[in-house]
Structures are given as C-alpha cells and as structure tokens.
**Q** 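Sharing a structure with you now.
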Amino acid sequence: MSTPTRPTTDAAATDQIGVVADVIATAFHRLAVSKWLVADPEERFAAQRGQFGIIVEHAAEHGRIYLDADHRAAAVWLDYTQPIPEPADYDRRLFDLCGPHTPRFAALDVAFEENHPRVAHQHLAFMAVLPEYQEQGLGSELVAAHHEVLDREGTPAYLEAANLRVARMYGKWGYRIISRIDLPGGPSMWPMWRDPSAAGEGRR
C-alpha cells in the first residue's frame, strides 16, 4: 500500500486541485445526495466536479489536502480554528459550473451552514476513495494522518456523513452524530463531531 502524501497547502496543492476533484466526484457519484443534486449521471459528474473543485481550491489556501501517491484517495480539510472567508466569487462560479442544478447545490450549502458548529474546529469537507479501491484502508490512512495533527493540537473535528453506513464508519474513528439534515425531497445527512484524542481511531 502506498504512503499518503503529507498535507500540501500552496503551489503543490494548487497543481493537484483537478486530480482531487476528480477523485471526489468519482467516489461520490452514486451517493443518494449526489443523485438528489443532479439526476442525470453525465451532468452530475460535471457539476459536482466543478463545485468540488471550488472547495478544494479554497482548502488549498485555508486548510489541508491529502492525496495518496497513486491518486486513489483524497481527504480535504478546512480549518475553522480561525475565521476564513467564503470562496471567492462563489455564487457566480457555482452558477457557471452547475447551471440549472444550482438551486439544489445552494440548498445543500444552506443546510450545511445552518448545522455547522460555531466553535473552533477543523472540518473534513471530503474524504473520498475511488470505488475500486474502497475497503482497503486508504481512507483510514488519510484520516488517521490528520487526526494525529488534531490530537496533538487539541482540536476537534466535524463532518457531514452522507448516510448511516458512512456514519458508522466514522464512528470507528471517534465521531458521533450530533444532528440530522433532511434535504427537501431528498435524503438525510448526518453531521458528526469528534473530540481530540477520541477512542476508536480506526488505524490499520
């Protein structure tokens, strides 16, 4: 198994934005929330890759990005231990990338914002593994790499799990469900919180 890259936040991460967005869009393609966002599979991939790219680009400046050496798995963190701005020109860029699907992406953004904790933390915006490489520990390696940083600094973590199966996986890494997001006419998602030095790291 290859060793994941260490966090990159400047030029190296910028060079990898497209690669990371591809990994996330491919890994998330069949999730219920993805189908709710965009029903058509081809339009879904393009729209999600575009929106994910905005967030990954933002994390390159305001967070940490992990990508395994063979580009099979990625984890994207945003650092909310300090104030960070919204992505530059987000609304216009979102509309340009998502077109008629923009209202649902916007609705998801609003739901996430309403449930986002206001205390200092780091946000695992995305953890994605290409479908053919799932259940091999790649995601565990990437998440554990950053949990070491968070535990050393005493920083909690937050994420939104796409479904209860995913929530159970994160539970092994010390996360607990703190609320529930019911998307209008769509699936539920599960905000989760992890205190630093939580038991059940899920290391392989």
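Predicted model only: the values in this text are computed from it and were never measured.
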**Q** Taking the inter-plane angle between the rings of H116 and Y80 on a 0 to 90° scale, is it parallel (under 30°), tilted (30 to 60°) or perpendicular (over 60°)?
**A**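 If you compare the ring of H116 with that of Y80, the planes turn out tilted.
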
**Q** Restricting to side-chain hydrogen bond (donor to acceptor under 3.5 Å, both in side chains), what partner residues turn up for D109, sequence neighbours left out?
**A**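 By the side-chain hydrogen bond (donor to acceptor under 3.5 Å, both in side chains) rule, D109 matches Y90.
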
**Q** Consider only side-chain heavy atoms of I, L, V, M, F, W and Y, link residues closer than 4.5 Å, and tell whether F95 and I55 are in one cluster.
**A**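 Different clusters.
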
**Q** Is the shortest heavy-atom distance from the side chain of P196 to the side chain of T155 under 4.5 Å?
**A**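 P196 vs T155: side chains apart.
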
**Q** If a pair satisfies salt bridge (charged side-chain N to carboxylate O under 4.0 Å, His left out) and one of its residues is in residues 43-53, list it, with sequence neighbours excluded.
**A**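 Sorted pair list: D22-R49.
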
**Q** Please say yes or no: joined through hydrophobic side-chain contacts below 4.5 Å, possibly via intermediate residues, are I181 and L37 part of one cluster?
**A**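 They do share one cluster, since a chain of ILVMFWY contacts under 4.5 Å joins I181 to L37.
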
**Q** Going through the distances and angles, do R93 and E57 end up as a salt bridge (charged side-chain N to carboxylate O under 4.0 Å, His left out)?
**A** CA-CA 12 Å; R93 295 170 69 192; E57 180 185 87; 2.9 Å; yes

**Q** Which residues pass the side-chain hydrogen bond (donor to acceptor under 3.5 Å, both in side chains) test with R30, sequence neighbours left out?
**A**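 For R30 there are no side-chain hydrogen bond (donor to acceptor under 3.5 Å, both in side chains) partners, ignoring immediate neighbours.
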
**Q** Taking ring-ring contact (aromatic ring centres under 6.0 Å, His included) as the test, write out the residues that go with H62, two or more places apart.
**A**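 Partners of H62 by the ring-ring contact (aromatic ring centres under 6.0 Å, His included) criterion, ordered by chain and then number, come out as H58.
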
**Q** Looking only at heavy atoms, which two atoms of I84 and D79 are closest? And how far apart?
**A**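 It is CG2-O, 3.5 Å.
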
**Q** Under the side-chain hydrogen bond (donor to acceptor under 3.5 Å, both in side chains) test, which residues partner R92, sequence neighbours left out?
**A**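 Here the qualifying residues are D89, D96.
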
**Q** For the residue pair Y158 and H123, does the interplanar ring angle fall in the parallel (under 30°), tilted (30 to 60°) or perpendicular (over 60°) class?
**A**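 Aromatic pair Y158/H123 classed tilted.
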
**Q** Take atom CD of E153 as the centre, draw a 6.0 Å sphere, and report whether it contains more than 12 heavy atoms from other residues, nucleotides or ligands.
**A**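 Atom CD in E153 is crowded, with more than 12 foreign heavy atoms closer than 6.0 Å.
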
**Q** Are the side chain of E160 and the backbone N or O of P191 linked by a donor-acceptor pair below 3.5 Å?
**A**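 Answer holds: no.
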
**Q** Between the side chains of H71 and Q16, is a donor N or O closer than 3.5 angstrom to an acceptor N or O?
**A**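 Checked: H71/Q16 side chains show no N/O donor-acceptor pair below 3.5 Å.
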
**Q** Assess whether atom CD of Q82 is packed by more than 12 heavy atoms of other residues, nucleotides or ligands within 6.0 Å.
**A**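 Enclosed.
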
**Q** Is Y175 reachable from I178 through a run of I, L, V, M, F, W or Y residues, each pair having side-chain heavy atoms under 4.5 Å apart?
**A**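 No, because I178 and Y175 fall into different hydrophobic clusters, even though each may have its own neighbours under 4.5 Å.
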
**Q** Please tell me if the side chains of H146 and M127 come closer than 4.5 Å, counting only heavy atoms from C-beta onward.
**A**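 No; the side chains remain at least 4.5 Å from each other.
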
**Q** Please collect all ring pair (Phe, Tyr, Trp, His ring centres under 6.0 Å) contacts where either partner lies in residues 17-49, sequence neighbours excluded, each pair once.
**A**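 For residues 17-49, and leaving out neighbouring residues, the ring pair (Phe, Tyr, Trp, His ring centres under 6.0 Å) pairs sorted by first residue read F28-F52.
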
**Q** So, do S34 and Q48 sit near enough that their side-chain heavy atoms are less than 4.5 Å apart?
**A**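 They are in side-chain contact.
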
**Q** Walk me through whether W193 and H121 qualify under side-chain contact (heavy atoms from CB on, under 4.5 Å).
**A** CA-CA 9 Å; W193 184 262; H121 65 282; 3.6 Å; yes

